[in-house]
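The sequence lines fix the lettering, A, B, ..., with proteins before strands; numbering per chain opens at 1.
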Amino acid sequence: MKLVRRHRNVPALEARKEATAGAATEPLSAPDVVAIPLRQHIGETCEPTVRAGDRVRIGDLIGESPAVVSANVHASVSGRVRDVGACPHPLGGDIGAVVIENDGNDEWTDLYVVPDPEGAGSDALRAAIRRAGVSGMAGAGFPAAVKLDPPAGSVIDTVIINAMEGEPYLSADHRTALEHADAVVDGARWIMRIVGAPYTVIAVESDKTDAATALERAAEAAGVSSVLEVRLMPRDYAAGAEKILVQSILGREIPGGGFPHDVGVVSQNVSTAVAISQAIRLGRPLTERVITVAGEGVQRPGNYLVRIGTSFDHVLEQVGTIGDIDRVIMGGPMMGIAQGDLSVPVIKPTTGILALSSTESRRVPEVACIHCAWCVEVCPIGLMPFFLVDVIRSGEPLTAEASHLFDCFECGLCDYVCPSNIPLVEVIRSGKSTISESRR
Amino acid sequence: MIVSASPHVRRSLGKKRVMWEVIASLLPAAIFGVWYFGPAATLPQLSASIGGAVIAQGFVERLRHHPVTVMDGAPWVTVVILGMSLPPGLNPLIALAGGAIATGVVKAFITTSTGRSLLNPAMVARVLIVSEFLVPATTFTVDGVSTATPLASGSPPSYLDLFLGMRIGSIGETTAVLLLVGGGYLLWRGIIRWHLPVAYLVGVVATSLLLGRDPFFDLLTGASILTAFFIITDPTTSPATVPGRVGFGFATATIATFIRITTLFPTGEALAVVMGNFATPFIDRVVTNRVYGTRRRAGRASA
């Protein structure tokens with residue numbers, strides 16, 4: 001294990017992982033009804049392939065799209081399709097969804113496994129990943145098969161498996177890396193094979209030594225420790241962001257608006273690597289995932305294996321809630337999305353469900369900016385957040401754009417440290433959408 | 001349930017808390033000044049400048065129908081620093097006027113296009129006090145003996161006396177050791193960062209050496225330490241980036257030390273800080289951080 005030293009003035013976030021970091025993954029009982037959105041990824045919405053009344057088994061295809069950038073969706077329970085309609089989407093708005101009544105039998109579909117995967121070519125392996133509907137499980141949800149198909153001519157020399165999970169509260173990736181280290185290493189091997197990369201770095205935060213050790217053992221057992229390195233990274237929240245991770249591991253910067261493959265890198269989240277391994281070895285579609293359920297409003301915080309399409313309500317009912325809940329968030333508290341309707345379903349990129357009390361969220365009224373520049377000090381990409389907010393609020397978003405507004409990936413650190421409680425991310429986001437809408 | 005934009009958590013170090021911590025870090029030096037120069041020569045001045053400033057800020061905010069923010073601590077920091085930079089025995093009415101000018105005029109009306117103070121209010125008030133009331137504001141009293149400036153005194157005090165603060169000077173500027181304790185606290189808390197103080201102190205030493213003087217003497221006299229840790233670190237009127245801060249600190253120190261040494265104007269620090277403040281918006285526009293993934297620096301076309 002090689003340790004990378006911290007190199008930036010980033011405040012230590014309160015990690016608040018005590019309740020979940022040591023909690024082994026437990027399966028959560030499946031609900032009576034699941035609503036599976038036909039788009040859980042970046043890209044085209046799938047067309048339903050089933051109709052009301054159809055019988056489905058776990059892993060049956062229920063939606064697909066001819067578009068390249070898309071990811072198949074599959075039934076996560078066995079039972080009868082009640083309806084092909086719509087449900088609220090945790091990212092906002094409504095989305096077409098297949099609603100399935102669970103018969104409780106947990107019957108599986110006949111899994112299709114790639115014949116002789118070791119001898120298969122990249123295209124066949126990518127097809128297996130695509131068939132299984134694997135898309136990014138860390139938040140953005142980019143279809144994995146597309147990410148593993150960099151444009152012709154790009155030379156990928158490094159695969160990065162991201163097990164950083166800097167968001168407070170969350171430990172689903174940590175537990176997955178620890179409990180499924182073999183599958184992580186196996187997934188990394190397939191990714192290397194597919195993109196033709198000679199080397200993999202698995203990035204783990206320096207305080208997760210248990211996961212790092214498990215991964216190193218798995219690499220040795222698989223006989224790949226010469227081409228697969230587990231690297232301990234600083235325990236900084238922003239260090240796990242793709243841009244920053246590529247920079248600190250390889251010293252390369254992804255150009256603005258560019259992709260990791262522009263600098264010879266393909267990166268995948270650690271849970272996605274497990275899903276890739278399962279797709280190729282077992283032919284298993286992505287129908288369930290590990291999520292962290294935590295926050296002061298949760299009675300039994302922990303990491304739970306949950307069927308895709310399970311409503312947040314059902315999850316919170318199973319783990320129990322206590323006290324006044326200020327807000328419910330999908331994902332971590334820094335970049336996650338507050339939910340107004342708890343009938344939203346768990347989707348592939350749902351890393352966690354947090355029920356926070358008002359003392360935890362600590363939202364207080366905004367006061368005037370004092371130009372302390374803490375936002376400048378913590379910005380991982382060197383922006384001047386206070387200046388962006390100044391000009392957006394005074395109606396000059398184009399000035400903000402000239403100052404790299406669109407390079408901001410909304411990590412939230414500026415907002416977190418602001419002593420004047422200015423909602424910087426909200427203003428920056430509104431500036432971006434003002435510009436985007438004016439160009440439509 | 002609340003549906004608001006991310007992030008959903010926030011650090012507990014808010015503006016009000018920061019301001020009161022700054023005041024706390026100034027207290028040891030202020031208390032030393034009260035003890036050393038005697039309460040009669042210091043407490044009326046300190047309380048008059050604080051009273052003048054707090055009342056003026058509340059009054060202006062009320063007149064402009066702004067929320068009254070007196071208790072968020074910011075005006076208190078301004079005037080505690082102003083009070084500490086006044087000579088002991090100054091007519092309290094002058095101190096009162098100084099405090100009122102600092103927050104009632106400078107802070108409220110001399111602002112940038114985005115509404116933040118352009119100039120360090122305490123230092124503007126200090127400069128105005130010097131120019132309007134030159135004789136009383138520059139007469140420093142110790143044990144009833146008056147001299148023009150601390151640098152003009154007869155036999156030089158020992159380094160130890162200077163370090164401890166046993167010298168003539170403004171109420172809160174003399175005790176290097178306690179100011180360093182307060183400054184160290186702010187650094188430890190992460191409220192200020194080291195670039196501005198270090199650049200300032202290096203600037204003082206460099207200028208002193210250039211003029212063939214004893215740099216230790218110039219560091220320990222005047223308001224060098226107070227300025228380095230508490231005055232140029234005023235966030236509102238100093239630049240936002242590290243290179244900007246280093247340049248600002250060094251340049252301010254050079255001007256301040258040069259004025260102190262070569263002219264009869266006694267509070268060179270205050271004048272230099274105010275001069276530097278005029279450059280801050282310009283520095284912020286020109287000296288920006290390199291943005292990830294770009295070779296050039298982030299352009300800031302217009303503000």
- Do the numbers put B/Arg193 on top of the ring of A/Trp374, so that NZ or CZ is under 6.0 Å from the six-membered ring centre and no more than 45° off the axis? no
- When rounded to the nearest 0.5 angstrom, what distance separates OG1 in B/Thr288 from CG in A/Leu383? 10.0 Å
- Message: Donor-acceptor pair, distance only, cut-off 3.5 Å: does the side chain of B/Tyr292 make one with the backbone of A/Ile254?
- Response: yes
- Item | Interatomic distance, A/Ser420 atom OG to B/Lys16 atom NZ [nearest 0.5 angstrom] | 13.0 Å
- Rounding to 0.5 Å, atoms OG1 (B/Thr241) and CD (A/Glu377) come to a distance of 10.0 Å
- Item | Choice from A/Leu398, A/Asn421, A/Asp324, A/Leu342 maximising heavy atom contacts with chain B below 4.5 Å | A/Asn421
- Smallest separation among heavy atoms of B/Gly293 and A/Glu253, with atom names: N-OE1, 2.6 Å
- Query: Checking A/Met335 against chain B: side chain, backbone, both or neither under 4.5 Å from a heavy atom?
  - Reply: backbone
- Check each atom of A/Ser394 against the heavy atoms of chain B and say whether the ones under 4.5 Å are side chain, backbone, both or neither. neither
- Check the pair B/Thr294 / A/His404 against side chain to side chain contact (heavy atoms under 4.5 Å, CB included), numbers first and verdict last. CA-CA 10 Å; B/Thr294 63; A/His404 297 268; 3.2 Å; yes
- Query: If you take all heavy atoms of A/Arg429 and B/Ser6, which pair is closest and at what distance?
  - Reply: NH2-OG, 2.9 Å
- Message: Please classify the contact between A/Arg393 and chain B as side chain, backbone, both or neither, with a heavy-atom cut-off of under 4.5 Å.
- Response: neither
- A/Ile370 side, atom CD1; B/Asp234 side, atom CG - distance, nearest 0.5 Å: 8.5 Å
- Query: Can you find a side-chain donor-acceptor pair between A/His371 and B/Asp284 that sits under 3.5 Å?
  - Reply: yes
- Query: Highest number of heavy-atom pairs under 4.5 Å with chain B: which of A/Ala373, A/Ala338, A/Gly412, A/Ser358?
  - Reply: A/Ala338
- Task: For atom OH of B/Tyr185, decide whether the heavy atoms of other residues, nucleotides or ligands shown that lie under 6.0 angstrom number more than 12.
- Result: yes
- Query: side-chain contact (heavy atoms from CB on, under 4.5 Å) with B/Pro7: which of A/Asp415, A/Leu424, A/Leu13?
  - Reply: A/Asp415
- Message: Is it the case that over 12 heavy atoms from other parts of the model lie below 6.0 angstrom from the CZ atom of B/Phe282?
- Response: no
- Task: Under 4.5 Å heavy-atom distance to chain B, tell me which part of A/Gln339 shows up: side chain, backbone, both or neither.
- Result: backbone
- Message: How long is the straight-line distance from CE of A/Met384 back to CG of B/Asn289, given to the nearest 0.5 Å?
- Response: 6.0 Å
- Region of A/Ala368 in contact with chain B, defined by heavy-atom distances below 4.5 Å: both
- Correct closest heavy-atom pair for A/Tyr416 and B/Val9 would be CD1-O, 3.6 Å
- Item | Charged N-O contact under 4.0 Å between A/Glu360 and B/Arg10 | no
- More than 12 heavy atoms of other residues, nucleotides or ligands under 6.0 Å from CD of A/Glu410: is that the case? yes
- Between A/Pro423, A/Gly258, A/Ser361, which shows the greatest number of heavy-atom pairs under 4.5 Å with chain B? A/Ser361
- Task: Examine whether an atom of B/Ser238 lies under 4.5 Å from a heavy atom of chain A, and if so say whether it belongs to the side chain, the backbone or both; otherwise answer neither.
- Result: backbone
- Query: Of the non-hydrogen atoms in B/His8 and A/Gly336, which two are nearest, and what is the gap between them?
  - Reply: NE2-O, 2.9 Å
- Between A/Cys375 and chain B, which part of the residue has a heavy atom less than 4.5 Å away: side chain, backbone, both or neither? neither
- In terms of heavy-atom contacts, does CZ of B/Phe59 have more than 12 from other residues, nucleotides or ligands at under 6.0 Å? no
- Residue A/Cys411 versus chain B: region with a heavy atom under 4.5 Å: neither
- Stepwise salt bridge (Lys or Arg N to Asp or Glu O under 4.0 Å) test for A/Asp390 and B/Arg116: CA-CA 11 Å; A/Asp390 274 354; B/Arg116 288 184 280 262; 2.5 Å; yes
- Note on the structure: Looking only at B/Thr236, B/Leu13, B/Thr233, B/Val18, the option with the highest number of non-hydrogen pairs under 4.5 Å against chain A is B/Thr236
- Note on the structure: One should read off an interatomic distance between B/Ser4 OG and A/Asp326 CG, to the nearest 0.5 angstrom, of 8.0 Å
